[in-house]
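Every chain is numbered from 1, with letters handed out A, B, ... down the list of sequences.
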There are 2 protein chains.
Amino acid sequence: MKNAALEKSSHLEYFNIAISVDCVIFGYEDKQLKVLLIKSDLEEFEGMWSLLGDLVRPDEDLEAASYRVLQERTGLDDVYLEQVYTFGATGRHPSGRVITTAYYALVNIHTYKLANTDNELHWHPVSELGTMAFDHKNIVDTCLKRLQEAVLEHPIVFNLLPKKFSLRELQDVYEAILGVELDRRNFRKRITLKGWLDDLNEMEEDVPHRPGKVYCLKEVFGRHGKKALKPAPVLHS
Amino acid sequence: MKNAALEKSSHLEYFNIAISVDCVIFGYEDKQLKVLLIKSDLEEFEGMWSLLGDLVRPDEDLEAASYRVLQERTGLDDVYLEQVYTFGATGRHPSGRVITTAYYALVNIHTYKLANTDNELHWHPVSELGTMAFDHKNIVDTCLKRLQEAVLEHPIVFNLLPKKFSLRELQDVYEAILGVELDRRNFRKRITLKGWLDDLNEMEEDVPHRPGKVYCLKEVFGRHGKKALKPAPVLHS
DNA sequence: CCAAAAGTGTTCTCTCTACACCCATGG
DNA sequence: CCATGGGTGTAGAGAGAACACTTTTGG
């Protein structure tokens with residue numbers, strides 16, 4: 001029988017794989033779902049766009065690493081983050097063996113501030129992404145699919161919006177994420193059925209048409225809405 | 001601007017995190033969902049059970065590493081594998097920083113053969129797992145939840161069964177996985193609705209009661225059934 | 001004939017979809 | 001008054017849940 005100290009030495013020969021996190025940072029603007037990208041700083045990918053990511057530090061939780069990336073790049077430390085998948089093909093990174101864990105983040109595009117003045121940072125509509133550096137296009141696609149599966153189950157899209165919004169704005173967000181048009185009446189029914197919203201008894205202002213009611217997310221789903229408080233079925237009790 | 005060779009040197013200081021894969025190997029026997037576990041070989045976890053896992057080799061794809069673990073431990077190289085989640089808390093491994101990616105596997109418990117004669121390897125009913133080594137209980141729970149979400153959407157439980165089976169056996173598997181009892185008539189309707197099965201025009205034999213029809217999975221979902229050929233909605237086209 | 005499981009249909013509810021008209025506001 | 005989007009209800013189809021009796025086989 002080994003102990004942990006003994007086993008550690010046998011681990012050493014394997015300490016030549018690096019691990020990183022990559023964040024697919026989603027924002028919403030102009031009725032489009034967008035992703036925050038940075039110009040790749042590798043010769044091999046000159047001119048291509050790349051996700052925001054960084055190597056994980058030895059004393060840092062995996063999730064903490066992605067919060068750090070978010071914080072460093074957007075200045076926000078209060079965002080919705082969700083782990084999606086870990087990409088570990090041997091050839092995926094030209095400078096060596098790097099396994100990366102992908103997270104997606106949902107941020108309000110208008111409250112975030114670029115922490116560094118890096119002008120190589122830009123929001124791109126997800127529907128217009130071309131070739132990207134590394135396997136990042138694949139990562140974006142995987143995260144988008146996961147997001148699409150999640151938005152109707154969990155109250156998370158609100159992280160893309162200001163606190164107060166109209167049902168029309170909310171529907172626009174869903175349409176941008178799902179890439180389909182939704183029937184207005186059915187959408188409103190479904191959303192009210194979920195019970196996620198509080199009616200603020202306020203009206204939109206400065207709109208060039210009949211103003212709509214203004215809603216906000218209920219406190220209990222209090223920003224993020226990571227855990228949608230749905231009663232899990234009792235299994236293997 | 002850096003190139004890959006330059007960046008590599010800056011990576012070196014981070015090459016002190018190891019990455020492993022852990023496999024939650026599910027099998028089905030005696031109307032119970034079971035997991036293949038091994039006695040932990042670390043002093044810190046003496047007497048506790050642990051998942052089958054190994055460090056990822058530098059020249060090996062992440063997924064290949066979990067196939068290798070499966071192959072080495074069960075002798076099977078033809079199994080259904082699915083990545084679930086990556087666990088990366090700093091304190092999760094006593095012998096150093098090890099980030100692990102969890103996969104679940106579905107195997108037919110009766111066709112697998114232990115490749116090594118390790119008698120520390122045992123099948124445990126998932127409903128009776130106590131404390132486990134590392135964070136492995138948490139990993140099992142996470143994988144079970146993912147499995148439960150997947151089985152009604154995708155034709156994968158057949159990997160737990162022999163090629164030919166009765167509807168009763170199939171229902172027993174679903175009940176074991178979901179941890180609930182199902183209505184027989186509704187179950188049969190739902191399953192036939194899916195269109196996953198071929199009627200073999202054979203009957204059960206050697207049963208002490210009225211024999212049932214025997215079915216098999218349709219060829220198109222050909223073992224594994226990784227991709228359930230469902231038409232994806234056209235998005236962001 | 002008894003035990004055990006196979007096989008089968010209907011009703012109800014709920015959810016989702018399709019669909020059209022009047023209303024309030026700003027310009 | 002016109003343009004723009006806000007707001008609303010109903011009918012039909014499909015999926016899932018509840019529920020009981022007859023049939024076949026082995027013992």
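Using a 4.0 Å heavy-atom distance criterion, A:Arg168 is classed as a sugar-phosphate-only contact. Using a 4.0 Å heavy-atom distance criterion, B:Arg184 is classed as a base contact.
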So if I define the base as every atom that isn't primed, P, OP1 or OP2, how would nucleotides 13-19 of chain C read as a B/S/- string at a heavy-atom cutoff under 4.0 Å? ----BBB
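The distance from atom CD of B:Gln171 to atom C1' of C:dA5 is 11 Å, rounded to the nearest whole Å. Between the CZ atom of A:Phe165 and the C1' atom of D:dG6 there is a distance of 16 Å, given to the nearest Å. For B:Phe187 and C:dA6, the CZ to P distance is 12 Å, given to the nearest whole Å.
Nearest-nucleotide positions on DNA chain D for A:Pro208 and A:Leu167 put A:Pro208 closer to the 5' end.
Salt bridge status for B:Lys137 with B:Asp141: present, with a side-chain N to carboxylate O gap under 4.0 Å.
Applying the side-chain contact (heavy atoms from CB on, under 4.5 Å) test to B:Lys164 and every residue at least two apart in sequence or in another chain returns B:Leu200, B:Glu202, B:Val214. Every side-chain contact (heavy atoms from CB on, under 4.5 Å) that B:Arg188 has, sequence neighbours left out, goes to B:Leu167, B:Arg184. With sequence neighbours excluded, no residue forms a salt bridge (charged side-chain N to carboxylate O under 4.0 Å, His left out) with B:Asp198.
Counting heavy atoms from C-beta outward, A:Gln83 and A:Leu62 have side chains that approach closer than 4.5 Å.
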Using the rule given for ring-ring contact (aromatic ring centres under 6.0 Å, His included), can you reason through A:Trp49 versus A:His122, listing the C-alpha separation, both sets of side-chain angles and the distance that settles it, and then say yes or no? CA-CA 9 Å; A:Trp49 295 94; A:His122 286 293; 5.8 Å; yes
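Within 6.0 Å of the CD atom in A:Glu128, the count of heavy atoms belonging to other residues, nucleotides or ligands exceeds 12.
When each of A:Phe158, A:Tyr215, A:Trp196 is paired with A:Leu170, the side-chain contact (heavy atoms from CB on, under 4.5 Å) condition holds for A:Phe158 and for no other.
In the set D:dG5, C:dG7, C:dA6, the nucleotide with an atom closest to the side chain of A:His209 is D:dG5.
The base of D:dG7 has none of its N or O atoms less than 3.5 Å from a complementary donor or acceptor on the side chain of A:Arg210.
Within residues 198-207 of chain B, no residue has a heavy atom under 4.0 Å from DNA chain C.
For the side-chain hydrogen bond (donor to acceptor under 3.5 Å, both in side chains) condition, the pairs that include at least one residue of residues 21-30 of chain A, sequence neighbours left out, are A:Asp22-A:Thr100, A:Glu29-A:Lys34, A:Glu29-A:His110.
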